[in-house]
Amino acid sequence: MSFSPFARFRNFTLKNLKALLEVYPDEARSMEWSEAANEIEVKSPGYKRTSYQQACQFGMEDRGGNRFRIHDYLFTFDDENLTRYIQFWIKTYFAPNPYVKGDDDAILIFCEIVKEILTSPVHEVKFDDFFHRRIGGGSDDILLNAIKSYAEPVRVKWAFGQAVLYIEERDLEEAKRELTYIEAHMPVGNPRDRKEFFDRFSYANFCSFYGIENEITLPQTETEVSFHTGYQSTFARNRIIFGAPGTGKSYTLNQEKDKLLGADSSNYERVTFHPNYSYAHFVGTYKPVSDKDAEGNDSIRYQYVPGPFMRIYVKALENSKDQEHIKPYLLLIEEINRANAAAVFGEIFQLLDRNSDNVSEYSVHTTEDMRTYLADKLHGDPDDYKDIKLPDNLFIWATMNSADQGVYMLDTAFKRRWEFEYIGIDEEEQKVQNYIIPIGMGDHRRYVKWNALRVQINQILLSDDCKINEDKLLGPFFIAKSMLDHALENEEQFVKAFESKVIMYLLEDVMKMRPHNIFRGHAKKNGKMIYSEICKTFETECEGVFGLEGLSQENREALE
């Protein structure tokens with residue numbers, strides 16, 4: 001098949017359904033549809049070009065005759081019942097329908113998905129596989145969002161970057177019941193008949209689908225966004241791990257990420273801050289994106305594009321509504337102080353102040369773009385998201401190294417909203433205790449224990465000659481464990497890597513103003529310490545380039 005099941009205009013959401021209802025004329029039944037379309041165009045410019053396609057496919061208006069017919073009962077529904085209409089619609093919708101191009105046999109998309117899931121041994125099917133095999137064309141993103149939002153018990157999860165449609169074991173009987181009902185009571189019929197398609201979504205069919213015998217009571221309710229889920233964890237919500245380079249900050253967070261998330265290890269976003277990183281990158285901004293118009297031509301449109309913070313926030317808040325299956329969500333920030341953190345967080349910084357329930361103590365006011373995006377993703381009204389807070393199932397962890405050049409200082413107000421954890425210079429050193437590395441070249445090659453060499457270099461840096469702070473010392477993993485694992489496989493390559501990492505760091509970052517206090521031997525050229533001469537000295541004098549020949553015999557033996 002190769003048809004697009006939906007008009008490419010907007011996602012099918014409560015917000016867009018209500019927007020279409022607001023522009024319909026009161027006298028619709030007595031008007032010709034062309035006259036009605038002109039009147040709607042005044043209220044909603046662009047309607048005749050694209051919006052009407054969505055309205056027709058949504059089963060809201062009938063263009064099967066001269067008169068403009070609409071479903072009056074939708075005007076009496078509150079948000080809850082309008083949402084139920086969308087759920088009813090997506091489950092009984094078929095394509096290609098009278099408003100979709102294509103001569104293929106029409107299929108009930110929801111029913112076909114349920115059938116494939118029920119016949120699967122694991123009760124799931126890859127969305128891309130289903131879409132390209134059974135449908136094709138465009139609008140796969142719109143279909144996926146519609147299924148994700150309104151097609152329960154069919155649910156959506158992500159595995160290895162792919163969307164997977166699945167039904168939980170407890171919902172299988174309900175899925176079978178709905179499948180049986182739709183195929184028995186609402187078969188496709190004539191897929192080219194627009195009047196028949198419109199009548200498909202009548203009030204009688206709506207009530208029959210839900211087993212409603214009497215008139216629906218329409219209570220007026222306000223939506224309240226809940227941020228407290230009761231999620232319990234021993235891990236801190238806002239957390240910064242800091243220490244000298246190579247102490248294993250990222251490794252520690254990665255290990256504890258797996259402990260926090262468990263089997264749901266994909267429920268996180270990872271980002272690395274850098275000097276040019278901004279609020280727009282981190283939270284989100286309104287910008288142009290490429291798209292296709294109704295005729296399939298390339299076009300540019302503007303939309304709110306979320307950053308890693310907003311993406312993980314939406315997932316956490318969406319999950320918080322499912323009280324039976326609360327899950328943790330994690331935002332990992334590497335090198336948080338390599339950008340201007342206060343500017344990157346903007347007003348979001350206020351949300352970091354959490355109460356005893358681990359929910360933001362104070363809310364922040366959202367922008368119009370952010371509000372619209374949240375309402376679209378979380379199936380509510382924009383007014384529901386005028387103010388937001390961090391839910392208690394959202395964790396934000398970061399790493400920081402104050403020794404890096406060009407880092408930004410974190411102000412006191414920002415820092416007090418985090419729990420800081422320090423990793424000492426020799427913590428976890430037992431994991432690299434027995435690694436042997438080559439130093440020197442050719443006939444001058446020596447073999448030493450990496451950790452012993454590291455410790456001795458640190459002692460020189462701490463001595464009265466250098467007086468270097470601990471945050472600039474060498475941690476056990478300053479040379480990555482993956483490099484240490486293969487140090488003896490290509491010795492010359494490792495020596496060159498040692499020079500570019502250890503020697504360059506000591507020269508450029510640690511002892512730039514006093515290199516002669518750490519580098520000894522014949523490491524000068526024209527009276528100056530330069531990198532190339534230091535490397536040549538290291539290749540011939542090995543550890544002597546650091547002045548280690550003056551150490552006690554006991555310490556020298558530790559290097560062997």
Side-chain angles (χ1 to χ4, degrees), residues 117 122-127 144-145 147-172 174-175 223-239 241 252-271 282-284 306-333 348 351-352 354-360 363 373-380 384-385 388-398 418-419:
I117 293 176
V122 292
H123 298 142
E124 62 183 42
V125 61
K126 292 180 181 178
F127 174 76
L144 180 61
N145 285 335
I147 293 170
K148 179 181 177 181
S149 304
Y150 302 109
E152 287 187 7
V154 174
R155 303 173 187 271
V156 179
K157 64 181 179 180
W158 292 88
F160 304 105
Q162 288 190 320
V164 177
L165 309 180
Y166 71 102
I167 300 174
E168 294 184 350
E169 197 74 23
R170 63 180 182 174
D171 295 326
L172 292 176
E174 175 60 17
T223 303
E224 180 179 349
V225 181
S226 174
F227 296 91
H228 178 54
T229 66
Y231 183 79
Q232 301 296 318
S233 175
T234 57
F235 286 115
R237 263 59 177 187
N238 305 337
R239 182 182 181 207
I241 290 185
T252 298
L253 281 191
N254 203 52
Q255 293 292 103
E256 296 188 352
K257 166 184 71 70
D258 294 338
K259 292 179 183 178
L260 172 69
L261 302 180
D264 297 314
S265 58
S266 62
N267 294 345
Y268 77 99
E269 291 267 355
R270 185 190 296 272
V271 60
F282 183 59
V283 179
F309 169 83
M310 188 56 65
R311 290 195 296 266
I312 201 68
Y313 172 78
V314 167
K315 291 179 181 179
L317 194 57
E318 184 177 41
N319 172 258
S320 70
K321 299 175 183 178
D322 185 358
Q323 292 295 316
E324 294 184 11
H325 301 89
I326 300 300
K327 300 176 182 178
Y329 289 79
L330 174 64
L331 175 61
L332 278 178
I333 303 172
I348 299 301
L351 301 180
L352 298 175
R354 307 212 193 195
N355 60 24
S356 58
D357 290 328
N358 294 307
V359 174
S360 297
S363 62
Y373 173 79
L374 289 171
D376 182 42
K377 289 295 182 181
L378 297 169
H379 326 306
D384 298 335
Y385 302 99
I388 61 172
K389 293 182 178 181
L390 297 183
D392 60 352
N393 63 333
L394 178 56
F395 295 72
I396 305 177
W397 294 352
W418 301 81
E419 292 191 24

Check the pair Y166, V122 against side-chain contact (heavy atoms from CB on, under 4.5 Å), reporting the backbone distance first and the verdict last. CA-CA 8 Å; Y166 71 102; V122 292; over 6 Å; no
side-chain contact (heavy atoms from CB on, under 4.5 Å) between I312 and L330, intermediate numbers included = CA-CA 7 Å; I312 201 68; L330 174 64; over 6 Å; no
*Which is it for F309 and V271 under the side-chain contact (heavy atoms from CB on, under 4.5 Å) test, yes or no, and what are the steps along the way?*
CA-CA 9 Å; F309 169 83; V271 60; over 6 Å; no
Apply the test side-chain contact (heavy atoms from CB on, under 4.5 Å) to residues K157 and E124: give CA-CA distance (whole Å), side-chain angles for both, the deciding distance (0.1 Å), then the verdict. CA-CA 10 Å; K157 64 181 179 180; E124 62 183 42; 2.9 Å; yes
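Listed by chain and residue number, nothing satisfies the ring-ring contact (aromatic ring centres under 6.0 Å, His included) test with F395 (two or more places apart in sequence, or in another chain).
Remark: the backbone N or O of L352 is paired with a side-chain donor or acceptor of N238 at under 3.5 angstrom. In this structure a side-chain-to-backbone donor-acceptor pair under 3.5 Å is missing from Y313 to P391. The closest donor-acceptor contact from the side chain of W397 to the backbone of N254 lies at 3.5 Å or more, if one exists at all. Formation of a donor-acceptor pair under 3.5 Å by the S360 side chain with backbone atoms of K389 is not found in this model.
Looking only at side-chain heavy atoms (C-beta outward), Y268 and L260 stay at 4.5 Å or farther from each other. Put simply, the side chain of V164 does not reach to within 4.5 Å of the side chain of V156, judged on heavy atoms. No side-chain heavy atom of Y329 sits under 4.5 Å from any side-chain heavy atom of L317. R155 places a side-chain heavy atom less than 4.5 Å from the side chain of D171. Put simply, the side chain of N267 does not reach to within 4.5 Å of the side chain of K315, judged on heavy atoms.
Taking CG from D392 and CD1 from I326, the interatomic distance works out to 8.0 Å, rounded to the nearest 0.5 Å. Rounding to the nearest 0.5 Å gives a distance of 7.5 Å between CG of L390 and CD1 of I388. Between the CD atom of E269 and the CZ atom of R311 there is a distance of 4.0 Å, given to the nearest 0.5 Å. Atom CD of E174 and atom CD1 of I167 lie 10.0 Å apart (nearest 0.5 Å). Taking CG of L172 as the reference point, atom NE2 of H123 lies at 5.0 Å (rounded to 0.5 Å). In this structure, the separation between CZ on R270 and CG on L331 is 10.5 Å, given to the nearest 0.5 Å.
Of all the heavy atoms in K327 and N319, the pair that sits closest is N-OD1, 2.7 Å. For A316 against N393, the heavy-atom pair with the smallest separation is O-ND2, 3.1 Å. Taking each heavy atom of R239 and I241 in turn, the nearest pair found is NH2-CD1, 4.0 Å. The shortest heavy-atom contact between K377 and E318 is O-OE2, 4.1 Å.
Geometric assessment of K259 against the ring of F235 yields a negative cation-pi assignment under the 6.0 Å and 45° thresholds.
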